[in-house]
Amino acid sequence: DLVNCGLTRPAIEAGASKPFVAAGLKVSTNADEDTYVHVSTMTSVMPTGMCISRYDWSIYSMTDATLSYQRAPVLAQVLLARKGGLTGSLPATHGADVIKGIEDGLTQIATIIRGANR
């Protein structure tokens with residue numbers, strides 16, 4: 001249903017990368033980095049032809065953490081931010097609507113990161 005509703009993996013990856021590139025940050029797609037963005041989408045087509053998508057993005061980082069029951073630190077995954085949305089529209093505009101929702105939330109995070117790095 002993703003492709004029928006105007007969504008493709010390259011379009012979603014480009015939409016998720018765009019805010020970070022615009023903020024002057026280095027972006028690597030499908031890389032093994034300590035900090036990364038995970039995007040998920042679920043799309044259904046209604047009998048009327050309308051597309052409905054639930055999209056979520058999460059930003060994770062890896063860090064060393066010492067747990068109360070251990071002496072040595074372990075590598076732990078930490079959730080830094082998360083946001084999602086739901087949109088419904090006709091196939092002609094649906095892909096753009098989902099990408100805009102993803103970009104809007106990630107732009108907020110990219111702006112915070114850019115400000116912290118000044």
Side-chain angles (χ1 to χ4, degrees):
D1 288 334
L2 286 174
V3 174
N4 294 337
C5 290
L7 287 166
T8 63
R9 182 184 183 121
I12 293 168
E13 287 176 351
S17 298
K18 183 178 173 183
F20 298 103
V21 171
L25 301 169
K26 179 185 170 226
V27 174
S28 301
T29 304
N30 298 318
D32 188 17
E33 298 290 333
D34 284 348
T35 302
Y36 62 94
V37 176
H38 176 82
V39 177
S40 65
T41 59
M42 288 191 316
T43 302
S44 295
V45 179
M46 304 302 291
T48 61
M50 183 178 213
C51 298
I52 306 289
S53 287
R54 168 72 194 188
Y55 56 89
D56 295 279
W57 58 259
S58 304
I59 300 176
Y60 294 98
S61 190
M62 303 301 283
T63 189
D64 289 330
T66 303
L67 304 174
S68 61
Y69 53 87
Q70 291 182 310
R71 290 189 175 175
V74 296
L75 189 61
Q77 182 183 49
V78 178
L79 175 64
L80 302 176
R82 181 179 182 164
K83 190 170 185 178
L86 180 69
T87 189
S89 51
L90 294 175
T93 61
H94 190 72
D97 293 343
V98 172
I99 303 279
K100 182 179 180 338
I102 292 168
E103 284 179 7
D104 286 351
L106 290 174
T107 295
Q108 294 170 2
I109 298 300
T111 301
I112 291 168
I113 294 169
R114 182 180 61 214
N117 286 328
R118 287 189 177 184

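All figures in this text were calculated on a predicted structure; none of them were measured in a lab.
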- Which atom pair, heavy atoms only, marks the closest approach of Pro19 to Ala110? O-CB, 3.4 Å

- Where is the tightest heavy-atom contact between Ser58 and Leu79, given as atom of each residue plus distance? CB-CD1, 3.8 Å

Just verifying a value: how many Å separate [X] [atom1] and [Y] [atom2], rounded to the nearest 0.5 Å?
X	Y	atom1	atom2	answer
His94	Ile99	NE2	CD1	10.0 Å
Lys18	Leu106	NZ	CG	12.0 Å
His38	Gln77	NE2	CD	10.0 Å
Thr107	Ile112	OG1	CD1	11.0 Å
Leu86	Ile52	CG	CD1	6.5 Å
Arg82	Tyr60	CZ	OH	6.0 Å

[X] side chain near [Y] side chain, heavy-atom distance below 4.5 Å:
X	Y	answer
Val39	Tyr55	no
Val45	Cys5	yes
Thr41	Ser53	no
Asp64	Val74	no
Thr111	Arg114	yes

- Judged by modelled atom types alone, do Thr87 and Asp97 share a side-chain donor-acceptor pair under 3.5 Å? no

[X] with [Y], same ILVMFWY side-chain cluster at under 4.5 Å:
X	Y	answer
Val21	Val37	yes
Trp57	Tyr36	no
Met62	Leu80	no

